[in-house]
Amino acid sequence: MRKGTKRKANEVVGKGKAKVEDEAPAAATTSVEEGANKNELGETQLPAEKNESKKNEPKKKKNDKVVVKRQAKRARIVKPEPEPEYFPDKRSLEDLWQEVFPVGTEWDQIDMVYQYKWNFSNLEDAFEEGGELHGQKVYLFGCTEPQLLFFQGQSKVTCIPVVVAVVSPFPPSDKIGINSVQREAEEILPMKQMKMDWVPYIPLEKRESQVERLKSQIFILRCTQRRAGLKHLKLERIKKFEYCLPYFYQPFAEDEIEQSTTVQILFPSEPPVFCEFDWEFDEPEEMADKFIESEELLADKKDEFVEYVKQQVKEGKRSNREAREARKKAIQEMSEEAKAAFQSMKFYKYYPVTSPDAPDVSQVKSPFINRYYGKAHKIF
C-alpha cells in the first residue's frame, strides 16, 4: 500500500474520534437536564439535590393517618311534595243532555246554551232504579226556551236548555215539522232530509265497548249538519233548521184535542199584513175595515184581502178534514200492539236543577212542549 493512502485513512479515523468526543459531553448535559426536576418554588433541581431534599423530609410512620380534606357538601333543598288533586269521577250519563240536539234553536244562539254549567242530575236520576225512565226504552230530543232570568246581579234573556223524554217501544216519529209566523204554511218533512235521526246514546262507562254488542235503551235526536258548512247553504235552507219542531202524530187525540178553527194570515202587501183569523168568530170584511182604519191596509186592497182570507179558511178546513180521515185510516190499519203503545206513551219534560253555576229556572217551567206533542205528562 502506498503511504499517501495510509495517511488519508488515518485522517478519516481521527476526524471520527473527534466527532464522538464532541457529542459525548452534549449527551451528558442532556441527560442531566432530563433528570432535573422543579421544586415547589419552581427552581430546577438536579437529581442529587432532589435526593438531598428527600433525606431532610421527616419520615412518615406506618400508623400515621392521612388526613384528606373534603369539600363540605351542599345542603340539599327538599321541595315540598304538592298535595294530590282528586277529580270526581265522571257520571255515566253526565253528558246526556249535551248530546241531545236542541231542535229549532238559531245557529248563532247555540253557543249561548252552553255558556253555563247546567245541571241535569234529575234526568240522570230518572234512569236509576225507582226513576220514571228506569228500564224503559226512551227517545230524547232537546229544545230551548228563551226567558228573562236574573243571575249574578244582572237580568238578561237566557236560552234555557230543555230535554223531552218520550217513553215508547218504537220511535215516536221519523218526521220534522217546519212552521213559523213568517211562513204561509207548515211543512212536514222526513227527519233525514234535515240531517236528523234517532241514534243510540252510549253512556260514558261503555264508550270503549263495541257499539254492536250494546243494546241501548236510550235514543237521542241527533243532527249531523255542521255549522262550518252553513256558509255554503242558502239562507232559506238555514232558516228551515231554525223553524224545525219535533213532529208527533197521535191518532187517538181527536176526541181529546179540539180541532183548530184558526188560520195564519200573511197578506202580501207593502208592508205585509199579518194576523190570526178564527172562522168561527171573525168576519173577513170586518177585519179588513179594521186594518184600513189603522192604516195597515190600503182601501183599494180590501177586496183582495177578503178573498185571500176566505181562501186560507177554505184550505184550513180542508186540512182538518184530511187529518180526520187520515187519523181514522191509521187507526184501522194499526196493529193491536201499536195501538197499545200509542195509548201508553208518556212525555216527560226536564229542566236543569237549581245550582250555583247557572240561573234559577224553577219559576219559569211550563208543561207545554210544542204544537204537535202538546203538554207533558210531568215536568221536572
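With rounding to the nearest 0.5 angstrom, the CD atom of E145 is 6.5 Å from the OG atom of S366. To the nearest 0.5 Å, atom NZ of residue K137 and atom CD of residue Q217 are 5.5 Å apart. From M194, atom CE reaches atom CD of E187 across 9.0 Å, with rounding to the nearest 0.5 Å. Once rounded to the nearest 0.5 Å, the distance linking CG of N122 with CD1 of I379 reads 11.0 Å. Here OG1 of T224 is found 10.5 Å from NZ of K192. Values are rounded to the nearest 0.5 Å. For the atom pair I110 CD1 and W107 CH2, the distance stands at 5.0 Å (nearest 0.5 Å).
Summarising the geometry of T144 relative to P161, their closest heavy-atom pair is CG2-CA, 4.4 Å, with the distance given to 0.1 Å. Closest heavy-atom contact between P172 and M345: CA-CE, 4.3 Å. Residue A288 comes nearest to L297 through the heavy atom pair O-CD2, 4.1 Å, listed as atom of the first residue, atom of the second, then distance. Contact detail for E276 and M287: the closest heavy-atom pair is O-CE, 3.8 Å. Listed here is the closest heavy atom pair of N370 and P246: ND2-O, 3.2 Å. Residue V100 comes nearest to G142 through the heavy atom pair CG1-N, 3.0 Å, listed as atom of the first residue, atom of the second, then distance.
Under the 4.5 Å side-chain criterion, counting only non-hydrogen atoms from C-beta, L133 is in contact with L123. Between S168 and Q136 there is no side-chain heavy-atom pair separated by less than 4.5 Å. In this structure, the side chains of L221 and L140 stay at 4.5 Å or more apart for every pair of heavy atoms. No side-chain heavy atom of Q312 sits less than 4.5 Å from a side-chain heavy atom of F277. The closest side-chain heavy-atom distance from V309 to V263 is not below 4.5 Å. Counting heavy atoms from C-beta outward, P352 and N119 have side chains that stay 4.5 Å or more apart. For the pair I292/K302, a side-chain contact is recorded, criterion being any heavy-atom separation below 4.5 Å from C-beta on. Annotation: side chain of L148 is in contact with side chain of S155 (closest heavy-atom distance under 4.5 Å).
More than 12 heavy atoms of other residues, nucleotides or ligands shown are found within 6.0 angstrom of NZ on K339. Within 6.0 Å of the NZ atom in K301, the count of heavy atoms belonging to other residues, nucleotides or ligands does not exceed 12. When the shell of 6.0 Å around CD of Q115 is examined, it contains more than 12 heavy atoms from other residues, nucleotides or ligands. Crowding of Q343 atom CD: a count of heavy atoms from other residues, nucleotides or ligands under 6.0 Å exceeding 12.
Paired with Y373 under the rule ring pair (Phe, Tyr, Trp, His ring centres under 6.0 Å), one option of F141, Y348, Y139 passes, and it is F141. Of the options F248, Y247, F347, a ring pair (Phe, Tyr, Trp, His ring centres under 6.0 Å) to Y372 is made by Y247 and by none of the others.
Cluster annotation: V113 and V163 are assigned to the same hydrophobic cluster (Ile/Leu/Val/Met/Phe/Trp/Tyr, side-chain heavy-atom contacts under 4.5 Å, transitive). When hydrophobic clusters are built by joining Ile, Leu, Val, Met, Phe, Trp and Tyr residues whose side-chain heavy atoms come closer than 4.5 Å, directly or via intermediates, M112 is not grouped with V162. Under the 4.5 Å side-chain heavy-atom criterion for ILVMFWY residues, a single connected hydrophobic cluster contains both W198 and F170. In the hydrophobic cluster analysis, where Ile, Leu, Val, Met, Phe, Trp and Tyr join through side-chain heavy atoms closer than 4.5 angstrom, V364 is grouped apart from V353. Both Y243 and L189 sit in one connected hydrophobic cluster of ILVMFWY residues. Membership requires side-chain heavy atoms under 4.5 Å apart, directly or through other members.
Counting only distance, with no hydrogens or angles, the side chain of W118 and the backbone of S355 share no donor-acceptor pair below 3.5 Å. Here the side chain of Y308 pairs a donor or acceptor atom with the backbone of L266 at under 3.5 angstrom. The closest donor-acceptor contact from the side chain of S335 to the backbone of A338 lies under 3.5 Å. The backbone N or O of I160 sits nowhere less than 3.5 Å from a side-chain atom of T158 that would complete a donor-acceptor pair.
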**OP:** Just do the side-chain contact (heavy atoms from CB on, under 4.5 Å) check on E132 and K378 with the steps written out, would you?
**Re:** CA-CA 10 Å; E132 289 78 8; K378 194 173 181 180; 3.7 Å; yes
**OP:** Let me see the working for I265 and C275 under side-chain contact (heavy atoms from CB on, under 4.5 Å), right down to the final yes or no.
**Re:** CA-CA 5 Å; I265 303 299; C275 64; 3.6 Å; yes
**OP:** Check the pair K239, E242 against salt bridge (charged side-chain N to carboxylate O under 4.0 Å, His left out), reporting the backbone distance first and the verdict last.
**Re:** CA-CA 5 Å; K239 288 296 181 183; E242 299 175 359; 3.2 Å; yes
**OP:** Could you give me the CA-CA distance, side-chain angles and deciding distance for F305 and V273, then say whether side-chain contact (heavy atoms from CB on, under 4.5 Å) is met?
**Re:** CA-CA 9 Å; F305 176 82; V273 177; 4.2 Å; yes
Subject >> Worked check of side-chain contact (heavy atoms from CB on, under 4.5 Å) between K195 and R226 >> reply: CA-CA 10 Å; K195 293 190 175 182; R226 295 184 178 181; over 6 Å; no
Original post:
Can you check salt bridge (charged side-chain N to carboxylate O under 4.0 Å, His left out) on E296 and K290, steps first, answer last?
Top reply: CA-CA 9 Å; E296 297 180 53; K290 289 180 180 179; over 6 Å; no
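Residues Y351 and K349 bring a donor and an acceptor atom of their side chains to less than 3.5 Å of each other.
Relative ring orientation between Y116 and F151 is described as perpendicular, the plane-to-plane angle rising above 60° on a 0-90° scale split at 30° and 60°.
Under the 6.0 Å cut-off for aromatic ring centres, F127 and H134 do not qualify, their centroids lying 6.0 Å or more apart.
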